There are 2 protein chains.
Amino acid sequence: MADVMIHEFLLGFIKIYILQFADKEPVYGKEIHDQLEEFGFKISFGTLYNTFHGFEEKGYLVHEERNVNGKIRKYYRITKHGREALATAKGKARELFTALYE
Amino acid sequence: MADVMIHEFLLGFIKIYILQFADKEPVYGKEIHDQLEEFGFKISFGTLYNTFHGFEEKGYLVHEERNVNGKIRKYYRITKHGREALATAKGKARELFTALYE
DNA sequence: GATCGTGATATCAGATGTTGATATCAACAT
DNA sequence: ATGTTGATATCAACATCTGATATCACGATC
């Protein structure tokens, strides 16, 4: 029940977090999926990979393939444009967040 | 451009804000729509009224009709159950927010 | 008491976003 | 070749969002 609610409210927020993560270090899909799940946030693989593709189309992220233990991973990292978008999104998120906690 | 992005990221967050607002004082649709717009957040009337109805179905809000200057407004206020949902959502939002700014 | 104006709410068809089960992929092992 | 494995991709079914338009309830005007 809380799961559904959290999802309705925070899926968009999770997408900001993906950009943020990719700003700190290159990330790949499964990693972020599992990490989010660990903290009680869920995003389906369908949405997750689609989000990566969308961000790449918008020029927020670029990816590079790496072979890790014989498996291909696509590591995404942020671009200049993505960093600008992230800053804007964070700023707006902060505004709303402040309104929640003032 | 920023508008679209903000929306993709923050629509869910805006819904938490609606609950929060209804926790402080009774609110009606147009009021919150215009107030959000003033701060650069947009939510369509379709989504907004649908959100009110959904929250009422879930038992988060109840409404009461008031005649103001000869016009009917539906003022929504939060319920006990809604307050619990709000607290949960705010807690989770804080977790994500903290991750963004640490 | 019929018609109009107004602020607000409701609707719903079309567009867009999400899901998750399933398919596919690339590398390595046997 | 065939199988295994970790990961990514797909896509039909489903859910959500939009916004133009309709509707509502009341008061005013004639």
Side-chain angles (χ1 to χ4, degrees), chain A residues 1 3-19 21-22 26-38 41-58 60-77 89, chain B residues 1 3-19 21-22 26-38 41-58 60-77 89:
Chain A
M1 178 170 61
D3 271 6
V4 176
M5 185 192 70
I6 291 313
H7 193 270
E8 168 180 13
F9 291 147
L10 297 179
L11 178 58
F13 213 88
I14 286 171
K15 291 184 185 176
I16 301 181
Y17 180 70
I18 291 172
L19 279 182
F21 201 151
V27 285
Y28 66 101
K30 184 107 191 347
E31 171 187 27
I32 209 160
H33 173 270
D34 293 352
Q35 199 224 9
L36 283 168
E37 199 161 57
E38 208 174 315
F41 299 104
K42 287 191 180 136
I43 184 170
S44 71
F45 281 112
T47 301
L48 178 58
Y49 286 116
N50 187 56
T51 297
F52 274 131
H53 301 164
F55 281 169
E56 196 156 38
E57 256 178 44
K58 285 175 191 144
Y60 296 169
L61 298 177
V62 289
H63 82 268
E64 148 207 20
E65 301 196 355
R66 289 191 209 163
N67 179 332
V68 180
N69 299 329
K71 302 291 172 297
I72 295 295
R73 292 180 187 167
K74 298 193 176 172
Y75 278 88
Y76 290 83
R77 61 186 171 74
Chain B
M1 177 171 62
D3 272 6
V4 175
M5 185 191 69
I6 292 314
H7 192 271
E8 169 180 12
F9 291 146
L10 297 179
L11 179 57
F13 213 88
I14 286 172
K15 292 185 185 175
I16 302 181
Y17 179 70
I18 291 173
L19 279 181
F21 200 150
V27 285
Y28 66 101
K30 185 108 189 347
E31 171 186 27
I32 209 160
H33 173 270
D34 292 353
Q35 200 223 8
L36 283 168
E37 198 161 58
E38 209 173 316
F41 298 103
K42 286 189 182 137
I43 183 170
S44 71
F45 281 111
T47 302
L48 177 59
Y49 286 115
N50 187 58
T51 297
F52 275 130
H53 301 163
F55 281 169
E56 195 156 37
E57 256 178 43
K58 286 175 191 146
Y60 296 169
L61 298 177
V62 289
H63 82 268
E64 148 206 18
E65 301 195 357
R66 289 191 209 163
N67 179 331
V68 180
N69 299 330
K71 301 291 173 296
I72 295 296
R73 293 181 186 166
K74 299 193 176 172
Y75 278 88
Y76 289 84
R77 61 186 172 74

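Every chain is numbered from 1, with letters handed out A, B, ... down the list of sequences. Only a predicted model underlies this, so the values are computations on that prediction, with no experimental measurement involved. Just so you know, these numbers use all the heavy atoms, side chains as well, and skip hydrogens, waters and symmetry mates.
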Quick one: which protein N/O atoms are closer than 3.5 Å to N/O atoms of nucleotides 1-5 of chain D? Pair and distance per line, please.
{"from": "D/dT5", "atom 1": "O2", "to": "A/Lys71", "atom 2": "NZ", "distance (Å)": "3.4"}

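Contact annotation: the side chain of A/Phe52 never approaches that of A/Glu57 to less than 4.5 Å [non-hydrogen atoms, C-beta and beyond].
We find that CD of A/Gln35 is positioned 17 Å from C1' of D/dA7, with the value rounded to whole Å. When the P atom of D/dA25 is taken as reference, atom CD of B/Glu64 falls 17 Å away, rounded to whole Å. Between A/Lys58 atom NZ and C/dT16 atom P the separation is 13 Å, expressed in whole Å.
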Pair A/Phe13-A/Tyr17, side chain to side chain contact (heavy atoms under 4.5 Å, CB included): steps then yes or no: CA-CA 6 Å; A/Phe13 213 88; A/Tyr17 180 70; 5.8 Å; no
Stepwise side chain to side chain contact (heavy atoms under 4.5 Å, CB included) check, A/Leu19 with A/Leu61: CA-CA 8 Å; A/Leu19 279 182; A/Leu61 298 177; 3.9 Å; yes
Full working for side chain to side chain contact (heavy atoms under 4.5 Å, CB included) between B/Lys74 and B/Glu64: CA-CA 6 Å; B/Lys74 299 193 176 172; B/Glu64 148 206 18; over 6 Å; no
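In this structure, a donor-acceptor pair under 3.5 Å is absent between the side chains of A/Arg77 and A/Tyr75.
The base-pairing partner of C/dA26, taking Watson-Crick or G-U wobble contacts with both distances under 3.5 Å, is D/dT5. Nucleotide D/dT21 has C/dA10 as its partner under the Watson-Crick or G-U criteria, with both atom distances under 3.5 Å.
The only option from A/Ile6, A/Ile43, A/Thr51 that meets the side chain to side chain contact (heavy atoms under 4.5 Å, CB included) definition with A/Leu11 turns out to be A/Ile43.
Using a 4.0 Å cut-off between a side-chain N of Lys or Arg and a carboxylate O of Asp or Glu, A/Glu8 and B/Lys15 qualify as a salt bridge.
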Per-nucleotide protein contact string for nucleotides 8-23 of chain D, where B marks a base within reach and S marks sugar-phosphate only (heavy atoms under 4.0 Å, - for neither): BBB------SBB----
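For B/Glu56 (side chain) and B/His63 (main-chain N/O), a donor-acceptor pair under 3.5 Å exists by modelled atom type.
Counting non-hydrogen atoms under 4.0 angstrom, B/Asn69 reaches nothing in the nucleic acid.
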